[in-house]
Amino acid sequence: MLPAFRGRGLYRALVTARLGYAAGRGIPLATVHSRASTSGPLLERLGFETLCRFPIFTND
């Protein structure tokens, strides 16, 4: 994402909406695969915990 668009709350709003959608249907658990450096802090503030980490492989 472009830095100019960071900090506007869009990701938080999307995650919150998805959690509300799931909760409204009686789904008690949510999992997320995300980058620890970018999404991790926000997801932790929303109550998520890191259970495991996966290596990222690139073709560089």
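Remember, predicted model here, so these are calculated numbers, not experimental data.
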>> Could you tell me if the side chain of Thr16 sits less than 4.5 Å from the side chain of Tyr21, heavy atoms only?
In response: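 No. Closest side-chain heavy atoms not under 4.5 Å.
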>> Can you confirm whether Tyr11 sits close enough to Leu43 that some side-chain heavy atom of one is under 4.5 Å from a side-chain heavy atom of the other?
In response: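 With C-beta onward as the side chain, the pair touches.
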> Where is the tightest heavy-atom contact between Pro41 and Ala36, given as atom of each residue plus distance?
Replying inline: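 Nearest heavy atoms, Pro41 then Ala36: CD-O, 3.4 Å.
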> Which atom pair, heavy atoms only, marks the closest approach of Ser34 to Gly40?
Replying inline: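 Heavy atoms only, the tightest pair is OG-N, 4.5 Å.
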Hey, could you give me the [atom1]/[atom2] distance between [X] and [Y], rounded to the nearest 0.5 Å?
X	Y	atom1	atom2	value
His33	Cys52	NE2	SG	6.5 Å
Thr38	Arg6	OG1	CZ	6.0 Å
Ser39	Leu46	OG	CG	10.5 Å
Phe48	Thr31	CZ	OG1	8.0 Å

